[in-house]
2 protein chains.
Amino acid sequence: MAKIPGDEPRHGKVTMRDVAQRAGVGLATVSRVINGKPGVAADLIERVNEASRALGYRHDVTASSLRRADRRTATIALVLEDVANPFSSALHRAVEDAARAEDILVLTGSSDEHPEREHELIDTFTLRRVDGLIVVPTGGTDGQLATVRRQGTPIVCVDRLVELDRVDTVTVDNREGTRAAVRRLLDLGHRRIAYLGDMRAIWTARERYEGYLEAHAGAGRPVDERLVRRDIRSAEAAEHAIGEILTAVDDPPTAVFAAQNLLTIGTLRTLQRLGLHDRVALIGFDDFPLADMLRPGVSVVSQDPAEIGLMAARLLLGRINGGDHRHARHAVVPTGYIARGSGEIPPP
Amino acid sequence: MAKIPGDEPRHGKVTMRDVAQRAGVGLATVSRVINGKPGVAADLIERVNEASRALGYRHDVTASSLRRADRRTATIALVLEDVANPFSSALHRAVEDAARAEDILVLTGSSDEHPEREHELIDTFTLRRVDGLIVVPTGGTDGQLATVRRQGTPIVCVDRLVELDRVDTVTVDNREGTRAAVRRLLDLGHRRIAYLGDMRAIWTARERYEGYLEAHAGAGRPVDERLVRRDIRSAEAAEHAIGEILTAVDDPPTAVFAAQNLLTIGTLRTLQRLGLHDRVALIGFDDFPLADMLRPGVSVVSQDPAEIGLMAARLLLGRINGGDHRHARHAVVPTGYIARGSGEIPPP
DNA sequence: CTGAAAGCGCTTACAG
DNA sequence: CTGAAAGCGCTTACAG
């Protein structure tokens, strides 16, 4: 930075040394008091605190972590798909709040679902010596995660199941949430229920499809493969796919289950375009803003990203705060069902 | 953290000292090469790079910043209203991308519009010695911002105007965007246009209201105070307020301008409830997801948070990278208008 | 152009 | 219980 004449000395220049001097004690004692270590005489504690207050001393966490035995930096990192998408940002906020309660800072990064990018982020964060990592894994970095974990950094994976030694996971019950919702459609009398699913490479997508199959099996109903489209990755692709199914199949579906946000919206567009939005039932997985304002309101299987984030933060902070366990834990956060109309349309 | 027997040594333990040894040079030379400083013999550069690569050396930015004259940490901080709201998170993403291009990390925090919380965040971030600060200011921390700036940290304020020495700002043209939109309604023939506005304490809210007044003045039309409600802070309050205006006023408005996201949605709810959504025109300030899927589609004055974020990042990084100026700069990002139907409804 | 030494702000053995 | 010294991983005067 260019030096501008008017500049004051940069940042609170009062150091521990200053506090020690003013309190008339050694540097080590100040350190002990600041860190709340036991075994310091009460009057010294008093003097240090007073000097610290009088001078406006501000502890430098970064510098302290350098020599510290445990290297703690009071920082954790959060690797998301994209900080700008609603699921990610709600998760982010929940983690921020949980971390703040312990004066821990949160670093974030967006992987955009690219393993290389995720790898890079994990690399950056571990180099900055974060105390722990919460990751929505792309699936392509298991080796790296295992290594980082073995080197001592606690890790919690979120949203997708990973099976790594001492790595905790938090997921929702994708399978059960889907099964229950599809079962509702079957119970309403629907016999031909289309299914739109995300990339098979994604664990959640596979689980949700299993739920769809289980619902049919549980009701003793066959699945018509022609009503199923998987590996759909955008709203546009969903628009197209469901359009095909609705028009090209001779015996078209009377209901649709869209296994992801964007696919729900794409389906909706096509239903509106074909004028079928009041005749074909629709349930989506994952809620979205204004779903209640549409006509009909869109029924969804809802997840609670804030709850997921809180859970992940708890597991991580638990390990960081001395409770590092030998075994991996897996928390499952329940899904809900929000009936708004579209999922309650009966078959003709 | 509890030490688990199976743990490997924590983190890449190869240090600059190791590289120096392997390359057969002094520590200072390694530092010079890593930092790309001029005046090192080509063959030494080669040897250092080779040793560095062979050993898998990873530079510790945090440690380096401790002794560094400019104290740079390759970190900037972003103080948002709430990382989970769409405007904030889009801004966040844009800043992340711009910072990443220069290998700079972004710290974020949510002020929730509370000055005390904002103060705390700025405090935390400066203590961690961030190289710069991008802030969506609550308005209650001007003194702190001025001090931090004087101490040398570049600052860019976003979304709201602040007038502080050497603090840059990025805003949108709230006034002009509003004026143009309201003018459209006037040109359509509307004579009674209701106005719903956010807290007067917020600069953007005041600016938008000015735009509403200017449009009327420009068209030589009077403003009826009974159609104006300001200091509205939630969708529910907007629902209520516009309900009152539409039913209690003897000569009800034929159009509504909602000066903020939530207010637009609240208005929409009431219009739908009263069955007026196809008869009363509506324009909102700030776009929102699925606005195009509603019936009618909701017309809005749109801002581009990604553009705002990019702009802010550029101004900040410019100052950080040696271009610190004496004068404050103020960038204004233009707004757009998206016609989707609701704003195009003519008066009866 | 290059390296040995000092030092950034702190913590941690090590003596007392 | 307390303090002087060494050291965390690096950068920066300071000599050569």
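- Counting only distance, with no hydrogens or angles, the side chain of B:Thr138 and the backbone of B:His114 share no donor-acceptor pair below 3.5 Å.
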- In dot-bracket notation, what is the pairing pattern of DNA chain D, taking Watson-Crick (N1-N3 plus N6-O4 or O6-N4) and G-U wobble (N1-O2 and O6-N3) contacts under 3.5 Å, with [ ] crossing and | for other strands? |||.||||||||.|||

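- Side chain to side chain, B:His330 and B:Thr171 meet the donor-acceptor criterion of an N or O pair below 3.5 Å.
- Note that the first and last nucleotides of DNA chain C, 5' to 3', having any atom under 4.0 angstrom from a heavy atom of chain A are C:dG9 to C:dA13.
- Ion pair B:Arg150/B:Asp165 not flagged as a salt bridge, since none of the NZ, NE, NH1 or NH2 atoms sits closer than 4.0 Å to an Asp/Glu carboxylate oxygen.
- A:Val106 approaches A:Ala99 most closely through the heavy-atom pair CG2-CB, 3.6 Å.
- By the neighbour-count criterion of 12 heavy atoms within 6.0 Å, atom CZ of B:Arg329 is densely surrounded, having more than that number from other residues, nucleotides or ligands.
- Within a 6.0 Å radius of CD in A:Glu116, more than 12 heavy atoms belonging to other residues, nucleotides or ligands are found.
- With the nearest nucleotide of DNA chain D identified for both B:Arg17 and A:Gly24, A:Gly24 has the one nearer the 5' end.
- Annotation: proximity of residues 27-37 of chain B to DNA chain C (heavy atom, distance under 4.0 Å) is found for B:Ala28, B:Thr29, B:Arg32, numbered in ascending order.
- A donor-acceptor contact shorter than 3.5 Å is absent between the side chain of A:Glu307 and the backbone of A:Val333.
- Each of A:Leu66 and B:Leu44 has a nearest nucleotide on DNA chain C; the 5'-most of these lies closest to B:Leu44.
- Using a 4.0 Å cut-off between charged nitrogen and carboxylate oxygen, B:Arg117 and B:Glu120 count as a salt-bridge pair.
- Ionic pairing of B:Arg58 and A:Asp123 is present here: one or more N-O contacts between side-chain nitrogen and carboxylate oxygen are shorter than 4.0 angstrom.
- A salt bridge links A:Arg93 with B:Asp112: the closest approach of a Lys/Arg side-chain nitrogen to an acidic carboxylate oxygen falls below 4.0 angstrom.
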